[in-house]
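Input: a single structure, listed below in structure tokens.
Every value quoted in this text rests on a predicted model; they were computed, and no experiment measured them.
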Protein chains: 2
Amino acid sequence: MAGPVLALVGATGAVGTVMVDILNGRKSWPWGEVRLIASPRSAGKKITVRGEELTVLALAPEVFDGVDVAMFDVPDEVSAHWAPIAAERGAVAVDNSGAFRMDDDVPLVVPEVNNDKVGARPRGIISNPNCTTLSMMASLGALHREFELKELVVASYQAASGAGQDGIDRLYAEYAAVAGKEVGNRAGDVREALAAAGLSQEDSPFPAPLALNVVPWAGSLKADGWASEELKVRNEARKILGIPDLKVSATCVRVPVVTTHSLAVHATFAREVTVEQAHAIFAAQPSIVLVDDPANGQFPTPADVVGGDPTYVGRVRQALDFPNTLDFFVCGDNLRKGAALNTYEIAETIAAAL
Amino acid sequence: MAGPVLALVGATGAVGTVMVDILNGRKSWPWGEVRLIASPRSAGKKITVRGEELTVLALAPEVFDGVDVAMFDVPDEVSAHWAPIAAERGAVAVDNSGAFRMDDDVPLVVPEVNNDKVGARPRGIISNPNCTTLSMMASLGALHREFELKELVVASYQAASGAGQDGIDRLYAEYAAVAGKEVGNRAGDVREALAAAGLSQEDSPFPAPLALNVVPWAGSLKADGWASEELKVRNEARKILGIPDLKVSATCVRVPVVTTHSLAVHATFAREVTVEQAHAIFAAQPSIVLVDDPANGQFPTPADVVGGDPTYVGRVRQALDFPNTLDFFVCGDNLRKGAALNTYEIAETIAAAL
């Protein structure tokens, strides 16, 4: 069979399912073979890729034999164990977990920002950024090239699917439990409605109710009260943009949205940047859609952009009191550009250089 | 009848209804008489205040005769017309609309921050701040007294009830329309579900679907792409805190929460401030509840704080890269402290000085 071999590890998860959609939708197709891989529990399942019914294989060292690029959409600990095995067997591992992102000898790549880093991969592993960071990298990368980014204050509006299929299922279950009930007017009444429907908080991937609520927490607790997700935004943005001293403060908040992360971005540059300049730069990026006409009710919202490949940017304003600073709002599908799409774009870049 | 006379204009609206709850729940009671006032449409309705059934009066100049303090919870244009009439008839008008807030001769008051401004009211009008600004004034005022606030970057998570009873009704109707449907995975499917249920976007107080969505817009369009709500946060914060050159950037976003606004605050001070110092200051404020123990899943969320009088503060962190800067998260019931309670506290202050 002509062409390189592509493997997808985690083919049956939330991101893996979107990845299959992406494989099915691509116009150009460099691959000679696709292997779908998952845990033994999901092995044997049939999934159709580009008209061909494939049987999901159980994760094992041998499945990587002959693979050129292995994409990993699995939890950190699974990637930490299996990506090096795939690399040992000769594949380039493109990993969407947090296991390797901050390792010095693992490039962290957003193709439209630092595609030049794909070639240097001493361990045979390339990392895909966290979905929250990724949602703003195309827009910030484009502005940084012109105006030199110095400072970033970010607040996120993160979707339930950032916590995987469990997150999606939980959000729907919570809404089924509160539907038709006029709750949200008294402290604890949302919790009571969930409990009455048999939904215990302990079983949730979120640390508080998400229906009719927002939850200022994502990830695990790190030093000094920071959530891991907030530090990822800081550290990954620095690495991807190549600005080791970038000043970053992030507050990560989960919102009752199924899919698509949004970010309120306050970005300060070395040089003055006008709204017109920023609009021109955003409009020129193939992976950005500019939606910025509030007079006609036009700005990005998750419900309008979910399922798309680009990131959507709007509400661009010059800060009134901060020099060289823009405020804007970004929406990006966290399962597509925020995860599967970016991983696939890296895989495609590798295939093109084989 | 002993004691001053209190009037409540807009007694049957979303904020007015909460105000009646507040009147019924106060321990001390300085008033000799309460008059409930509303549009002619709602006049004649019976509402019980502290055990006494009152008949809602139709708004007219005569109803203010003999009134000492008249609280206005009505739209801007109604306040603009009627608050001066109440003042002419001898009442002090305490207005919760945006009609007078930025007028130089109208004090803008948050009792725990600038109660000393209540006395100087040349026009007989005192303004209550916008609910979004108010949600963070107690915490920022307390920190400012110690450390001198210089800069503020804020992103909001604003509840549907900020748009009044129409906003609440719309959010519930939208959730009834999407309940049981697995929407939010494809651009436009939330809009389709709402349309299928007969909910037209034109009839909504929000410019986009709010169910399973976030909407980066609140208020009307002002110069250079700013939303009126974002400028209110800047201008009112400057006036209340008495910092005319305070640097402020705000991004206001509506979220599918019934009641309680949340804010991600990034605040820079003239002097260094530690998390321990901030915790001590917040804990010492009677109107602030500190909820900041993420190791045990403790941080404020709207579902846990709605219906309460205090503002809740958590997620307090020293910014890693910005000197003298704290990041924190605040939740405040936008109908209580954000509106009715603050208005009532001003009215009570006036009564005490009569």
Could you tell me which portion of [X] (side chain, backbone, both or neither) has an atom closer than 4.5 angstrom to a non-hydrogen atom of chain B?
X: A:Asp224; value: backbone
X: A:Glu230; value: side chain
X: A:Leu246; value: backbone
X: A:Ala176; value: neither
X: A:Val214; value: both
X: A:Ala160; value: neither
X: A:Leu320; value: both
X: A:Val190; value: side chain
X: A:Val18; value: neither

With a 4.5 angstrom heavy-atom cut-off, which part of [X] approaches chain A: side chain, backbone, both or neither?
X: B:Leu263; answer: neither
X: B:Thr274; answer: neither
X: B:Val305; answer: backbone

Flag side-chain contact, heavy atom, 4.5 Å: [X] against [Y]:
X: A:Val178; Y: B:Tyr175; value: no
X: A:Asp321; Y: B:Arg234; value: yes
X: B:Asp304; Y: A:Arg191; value: yes
X: B:Cys252; Y: A:Arg315; value: no
X: B:Pro216; Y: A:Thr301; value: yes

Name the option with the most non-hydrogen atom pairs under 4.5 Å to chain B; the candidates are [options].
options: A:Asp327, A:Thr259, A:Val255; result: A:Asp327
options: A:Ala159, A:Gly188, A:Gly225, A:Gly307; result: A:Gly225
options: A:Phe328, A:Trp217, A:Trp226, A:Phe329; result: A:Trp226
options: A:Val248, A:Asp245, A:Ile168; result: A:Val248
options: A:Lys247, A:Arg317, A:Glu151, A:Gln318; result: A:Arg317
options: A:Pro209, A:Gly308, A:Pro256, A:Gly314; result: A:Pro256

Heavy-atom pairs under 4.5 Å with chain A are the metric here; pick the option from [options] that has the most.
options: B:Pro207, B:Gly297, B:Pro294; result: B:Pro294
options: B:Thr251, B:Asp333, B:Leu221; result: B:Thr251
options: B:Arg186, B:Glu182, B:Lys181; result: B:Glu182
options: B:Ala295, B:Pro302, B:Ala155; result: B:Pro302
options: B:Val183, B:Val316, B:Asp293; result: B:Val183
options: B:Ala211, B:Cys331, B:Ser262, B:Ala303; result: B:Ala303

For residues A:Phe322 and B:Leu152, report the shortest heavy-atom separation together with the two atoms involved.
-> CZ-O, 3.9 Å
When rounded to the nearest 0.5 angstrom, what distance separates CG in B:Leu335 from CG in A:Asn185?
-> 8.5 Å
If you round to the nearest 0.5 Å, how far is CG of B:Asn213 from OH of A:Tyr157?
->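 Atom-to-atom, A:Tyr157:OH and B:Asn213:CG are 12.5 Å apart.
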